[in-house]
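Source: prediction; values computed, not measured. The basis for the numbers below is simple: all heavy atoms, side chains too, and nothing from hydrogens, waters or symmetry mates. Order of appearance sets the numbers: ligands from 1, and atoms from 1 within every ligand.
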Amino acid sequence: MAAEAPTQASAHVDRFALERLPPAAALPEFVFDGLGLQLPPRLNATAALLDAAVVRGLGEQPCLLGEGVAWSYAQTQAQVDRIAGVLVRQLGLVAGNRVLLRGANTPMLAACMLAVMKAGGIAVGTMPMLRARELATIIDKAQISHALCDARLADELAAARQLCPSLHTVRHYGTPAAPGELEAAAAREPDHFEPVDTAATDVALLAFTSGTTGVPKGTMHFHRDLLAACACWPPHVLRAQASDRFIGSPPLAFTFGLGGLLLFPLAVGASTVLLEKASPEALLPAVARFGATVCVTAPTSYRAMAALVAQHPVPTLRKCVSAGEALPAATRTLWRQATGVEIIDGIGSTEMFHIFISAREDQARGGATGLPVPGYRAAILGDDGRELPPGQVGRLAVKGPTGCKYLDDPRQAQYVQDGWNLTGDAYLVDPVDGQFVYQARTDDMIVSGGYNIAGPEVEAALLLHPAVAECGVVGAPDEARGMVVKAFVVLKPGHEGSAEMAAALQDFVKQTIAPYKYPRAVVFRSSLPRTETGKLQRFRLKQEPEAGS
Ligand code: 3UK
């Protein structure tokens with residue numbers, strides 16, 4: 001079934017987003033079959049997730065938890081409704097306006113996001129680390145009118161505002177110990193707000209990609225997309241329950257975090273812990289303190305936490321989700337050995353909103369991502385756009401109920417081709433078990449001496465060596481071979497980056513995978529460049545000037 005024209009019966013008075021959706025011909029194909037998905041033509045995501053849970057009788061159950069906060073579903077609903085009241089009655093928000101949200105993960109930030117959507121606004125999450133210049137790019141691109149901002153992060157937003165005439169209204173919120181002006185305004189509002197009767201295809205969320213280079217792209221998501229995501233991966237792969245308590249690290253500004261730490265828990269009536277600081281050292285003790293059962297974080301975080309579990313046992317954990325980057329087989333094994341829990345890996349993207357290929361913990365296999373999530377189809381395409389047989393490396397293509405809709409961006413034609421969403425990843429389908437196996441980002445494949453080598457495979461081999469804490473493998477220009485495999489290695493404490501160590505690591509890789517893939521250059525670092533969402537910034541490693549040892 002194709003998407004119905006998204007212009008019908010929009011509740012948006014401000015038609016900015018509606019007018020900047022890609023033209024119908026540039027949209028991916030949307031498929032809704034095989035799921036029994038009941039998505040009505042009128043749909044407000046906050047009403048369908050939060051209000052519906054209260055109607056189901058969960059009002060007294062725990063919902064949003066954080067430092068000094070434990071709100072039940074009814075209390076969360078009342079808070080969301082008061083903030084929605086502030087937006088509409090005090091701050092003049094009209095449906096379709098874009099509202100910037102700025103803050104570390106907290107129950108208050110979550111309530112603000114839910115309130116914006118309930119009021120018919122479009123929520124635009126931003127990473128707390130962004131500076132004025134980056135904020136200004138987003139505010140300008142999305143023509144943002146309102147902002148709700150953690151008072152502790154006010155400065156950079158104030159500086160951005162100087163550059164952005166569209167942003168006319170900013171309100172700050174505080175902490176449970178020291179409430180701010182937004183909480184004071186909310187206290188003057190009634191605790192019921194009637195949700196705006198949005199169309200299922202009205203835009204609810206604008207998520208800017210954590211992209212490593214270039215101008216950020218704004219991905220638009222309908223109210224329908226958020227509910228569709230809740231109906232695919234969570235019930236079929238994650239299978240969490242109302243008794244579960246979620247916890248984790250991805251920011252709510254990142255769709256991995258918004259789904260995994262807010263929408264998916266709400267959809268099953270579970271509780272969720274929103275931590276401002278969720279480094280591996282902070283996350284592990286928080287799991288025990290809050291009695292969390294579902295952990296959502298990135299591969300490097302599992303690797304770092306595995307080494308600390310002995311001091312901080314996490315007996316309540318029953319499900320662990322990894323996404324954002326490929327999960328090395330060695331990390332999967334380390335975590336299982338440390339906790340007894342098999343990680344659920346899943347590949348998702350900001351464009352698709354959430355995970356579309358994944359494996360349940362009982363079907364998970366080291367080195368493979370899994371199978372298309374029920375509701376999604378996936379194929380491996382050759383350069384000519386035709387589907388490749390199992391075993392051959394090609395471009396990953398997916399389609400399902402969600403799909404790429406860039407805000408006014410010509411790069412739509414790169415991500416969406418012939419109705420497929422092309423994620424930019426090189427994958428193959430295992431001819432034996434049919435699982436999808438990640439190779440590299442398409443533009444990160446290393447071509448050396450005529451061979452195609454995937455950096456992540458070399459990384460996975462290096463990570464099996466007991467001295468290696470972290471590593472990143474890229475292609476470095478080389479006159480003879482075109483490119484050579486170059487490894488950046490962070491050693492564990494107690495090991496030294498010497499010529500002998502480099503030789504030992506090279507030998508180790510030759511013993512572990514096909515010898516031609518071994519890193520001809522090895523350099524030692526004390527850390528690796530990563531994005532705020534935990535992704536290795538390979539482009540920065542590629543720019544490194546020196547040739548290595
Ligand atoms: C890579 C993975 C191998 C892959 C995301 C879950 O990461 C998310 O969104 P982004 O837009 O990046 C998308 C790209 O990241 N990737 C993500 N997960 C995996 N590669 N194995 C994985 N498990 O290159 C993909 O194209 O930042 C992840 C849910 C929501 C998300 N937005």
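Note: no N/O pair closer than 3.5 Å links Ser322 and ligand 1 by distance alone. The shortest N/O to N/O separation between His354 and ligand 1 does not fall below 3.5 Å. For ligand 1, the polar-atom distance check against Ile355 finds no nitrogen or oxygen pair separated by under 3.5 Å. Inclusion of Phe254 in the set of residues having an N or O under 3.5 Å from an N or O of ligand 1 is not warranted.
Of the listed options Ala326, Gly424, Pro250, Gly534, Ala326 places a heavy atom closest to atom 3 (C) of ligand 1. Of the candidates Leu422, Val437, Asp425, it is Asp425 that places a heavy atom closest to atom 25 (C) of ligand 1. One option in Gly260, Ala298, Ser349 has a heavy atom closer to atom 9 (O) of ligand 1 than any other, and that option is Ser349.
Counting heavy atoms under 4.0 Å from ligand 1, residue Met352 does not touch it at all. Contacts between Ile347 and ligand 1, counted as non-hydrogen atom pairs separated by less than 4.0 Å, involve both the backbone and the side chain. Counting heavy atoms under 4.0 Å from ligand 1, residue Phe353 touches it through the backbone alone. Contacts of Phe256 with ligand 1, taken as heavy-atom pairs under 4.0 Å, involve both backbone and side chain.
When the side-chain hydrogen bond (donor to acceptor under 3.5 Å, both in side chains) test is applied to Asp444, the partners found at least two apart in sequence or on another chain are Lys542.
Residue Thr255 has at least one heavy-atom neighbour below 4.0 Å for each of these atoms of ligand 1: 30 (C), 31 (C), 32 (N). Every atom of ligand 1 with a heavy atom of Thr350 under 4.0 Å away is listed here by number and element: 9 (O), 10 (P), 11 (O), 27 (O), 32 (N). Every atom of ligand 1 is numbered from 1 in the order shown, and the set under 4.0 Å from a heavy atom of Thr423 is 26 (O).
Residue Leu327 places no heavy atom under 4.0 Å from ligand 1.
By the 4.0 Å N-to-carboxylate-O rule, Asp425 lies close enough to Arg441 to be salt-bridged with it. Using a cutoff of 4.0 Å between basic side-chain nitrogens and carboxylate oxygens, Asp33 and Arg377 are scored as salt-bridged. Here Glu325 does not pair with Lys535 in a salt bridge; the nearest charged N to carboxylate O distance is not below 4.0 Å.
A donor-acceptor pair under 3.5 Å is absent between the side-chain atoms of Thr402 and the main chain of Asp225, judged by distance alone.
A cation-pi contact links Lys405 to Phe222, judged by a cut-off of 6.0 Å to the six-membered ring centre and 45° from its axis. For the pair Arg224 and Phe30, the cation-pi criterion (under 6.0 Å, within 45° of the ring axis) is fulfilled.
Between Phe353 and His221, the ring planes lie perpendicular to each other; the angle is over 60°, past the 30° to 60° tilted range. Aromatic ring pairs are classed by plane angle as parallel below 30°, tilted from 30° to 60° and perpendicular above 60°; the pair Tyr516 and Tyr451 is parallel.
Applying the salt bridge (charged side-chain N to carboxylate O under 4.0 Å, His left out) test to every pair with at least one member in residues 348-362, sequence neighbours left out, gives these pairs: Arg239-Glu361, Lys319-Glu361, Arg360-Asp362.
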